[in-house]
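Just below is one structure, and these are the notes that go with it.
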Amino acid sequence: MPLTFDPTSLPRHSAINNTPVWARLHQHQRATRHMHMRELFAQDEQRFYRYSVELDGLLLDYSKNRITDRTLELLLELADTAKLGQWQQWMRSGQRINISEQRAVLHTALRLPPGQRLLLDGCNVVDQVQQVLDACSHFAEQVRSGAWRGHDGQAVTDIVNIGIGGSDLGPLMVHEALRPYCQPGLNVHFVSNVDGQHLAQTLEQCMPGRTLFIVASKSFTTPETLLNAHAARRWLVSHAGEEAVSRHFVAVSTNHAAVQAFGIDTANMFGFWDWVGGRYSVWSAIGLPVMLAIGPVQFRRFLAGGAAMDEHFFSAPFARNMPVLLALIGIWYNTFYGAHTHAIMPYDHGLRRLPAHIQQLDMESNGKRVGRGGERLDFDTGPVIWGEEGVNSQHAFFQLLHQGTRLIPSDFILPLNSHYPQGDQHRVLVANCLAQTEALMRGKSEAEVLQELAHLPGDELDILLPQKLFPGNQPSNTLAIDRMTPYTLGMLLALYEHKVFVQGVIWGVNSFDQWGVEYGKQLAAQLLAEMDGQRATPHDASTTGLMRHFRHRYQGGEA
Ligand code: G6Q
């Protein structure tokens, strides 16, 4: 395939499922599906060393998977068959691989160090990125130092980011994860939901003269964000007057005109570009609330972590390439074992929003039933991503992982050192994480249970034995991180971004559009117009009934 991306040169039907390697993988799955990981570990003392990769303080242990060398060989062949190397080059060099929106996909350019060159339509995007980064840094320093003053001369103590989806989840998650790096006395809040209580409860914690609002919206047309932004504006104006707006509102967007129309001084607007997808935008000016909290120096370390993972992804051989391995192993279960979900379990309280972020990243990117060429795919694509922080999740849903009927692959994410050493707590956390992955892999055999229950009479034993059996063979990856820092978090996020990209390439979907989200944005508009008295369009009986029920019961009370 040529270096210059030409969508018309792509096969109309990606048909990865018609390739010989796809059939061989199915065959291999049938031949090995009864194999137990216990045996694989027993046969190979070096399994952990052979099936783990390390990069700059991030270790991926993928040995607790139902894989052999042959499985990996076939999966790597699948990656080659899908021309993964070519797609990597196309993405990296700014080809318009987001075909349905005719856009380049260049979130990796957001993490490139200054001085590099990457031309898109004749402009060096690295220079553009650095200019915005410098502007954000200058602004962040002003706010952090107290030089930026509100309308009545007070310094900022509270920052409210108003955004949703990609303009919320990424910065929210990164901010939570990097709390130990945040400037004390500068509180960052995130408001996303159009449900009025989200904004109201946030404003209860803020003082108008000390609050800075960031309206974060790539399109600056998202109704939820604009409604919240207008409500926040009314709150400020009612306390401080119209002239306060320019000192208390800034915007992050690609839409200059809409920001201006909202009444935000475009001198206080930080831009980004259509080649940054919402769910990939935390590295851009959308990360401004994070930069305000941790400062520009640490924010650049976060970018450097992302860049280190990019370099690894673009240059490491696939057999030692973390994102490629995670993606291929995910495909092994999703496609060839028919596993429908994939769980993310961070053993770190600061990472508790990571599952939600990865959920958006993965499900919005690869939740597609149609290939790039518009063809209907007749195999499963993106899995349901879910998860919760450990150890809390152990006391909630781990029962199903241990003894339920489903195959549920998972990732355990474990910082090895804590920012909050308290007695023995961190070692207990680590012990729990390792114990769970071991138990999920090993299970508990009949012989082991019999030993425990040897004292029981036969009839009681017959009933209890099956209840206390653990089949094991439940796969997991462990991502062990020396310490959660801006740099290692950057690596971790970029790792998942590339994993999702690799899976999209292999399944033949465009991971960078989101027509389902766009549809959601249109859906409410018609019903809202009907609530405002416009002529009703025909609905199904349920929707009509619920609308009528709402009209009867709604007591108003909104501005
Ligand atoms: C992300 C999605 C979506 C988007 C939000 C907010 O990739 O496209 O989650 O980020 O709908 O969009 P705006 O930033 O345009 O308000």
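It should be emphasised that the depicted structure is a prediction, and the values quoted were computed from it without experimental measurement. Note that ligands are numbered from 1 as they come in the structure, with each ligand's atoms numbered from 1 the same way. All heavy atoms count here, side chains included; hydrogens, waters and symmetry mates do not.
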### Query
So, H189 versus D158: side-chain donor-acceptor pair below 3.5 Å or not?
yes
### Atoms in ligand 1 with a heavy atom of R279 nearer than 4.0 Å
1 (C), 7 (O)
### Task
Indicate yes or no for a side-chain donor-acceptor contact from H539 to the backbone of T544 under 3.5 Å, with no hydrogens or angles considered.
no
### Query
Mind checking whether E518 has a heavy atom under 4.0 Å from ligand 1?
no
### Message
Polar contacts were defined as any N/O atom of the residue lying under 3.5 Å from an N/O atom of the ligand; does this apply to G166 and ligand 1?
### Response
yes
### Query
N/O to N/O below 3.5 Å, does that happen between T225 and ligand 1?
no
### Query
Hey, does S217 come in under 3.5 Å of ligand 1, counting only N/O atoms on both sides?
yes
### Query
With atoms numbered from 1 as shown, which atoms in ligand 1 lie under 4.0 angstrom from a non-hydrogen atom of G278?
1 (C), 7 (O), 10 (O)
### Query
Which residue owns the protein heavy atom closest to atom 8 (O) of ligand 1, what's the atom, and how far is it?
Q514 CG, 3.4 Å
### Query
Among L226, I164, T222, which one has a heavy atom closest to atom 5 (C) of ligand 1?
I164
### Query
Is there a donor in the side chain of E530 and an acceptor in the side chain of T537, or the other way round, less than 3.5 Å apart?
yes
### Query
So which heavy atom in the protein is nearest atom 15 (O) of ligand 1, and how far is it from that ligand atom?
S219 OG, 2.6 Å
### Message
Before we go on, tell me: are the rings of Y496 and H357 under 6.0 Å apart, centre to centre?
### Response
no
### Query
Are there more than 12 heavy atoms of other residues, nucleotides or ligands under 6.0 Å from atom CD of Q534?
no
### Query
For R279 and S365, what are the C-alpha separation, side-chain angles and deciding distance, and is it a side chain to side chain contact (heavy atoms under 4.5 Å, CB included)?
CA-CA 9 Å; R279 51 199 175 276; S365 297; 2.8 Å; yes
### Message
Between K368 and N510 (side chain of the first, backbone of the second, donor and acceptor by atom type, cut-off under 3.5 Å), is there such a pair?
### Response
yes
### Summary
heavy-atom search around atom 9 (O) of ligand 1 in the protein gives Q360 NE2, 2.7 Å
### Query
Hey, would you say the F262 and H230 ring centroids sit under 6.0 Å apart?
yes
## Note on the structure
atom 1 (C) of ligand 1: closest protein heavy atom, distance to 0.1 Å, is E364 OE1, 2.8 Å
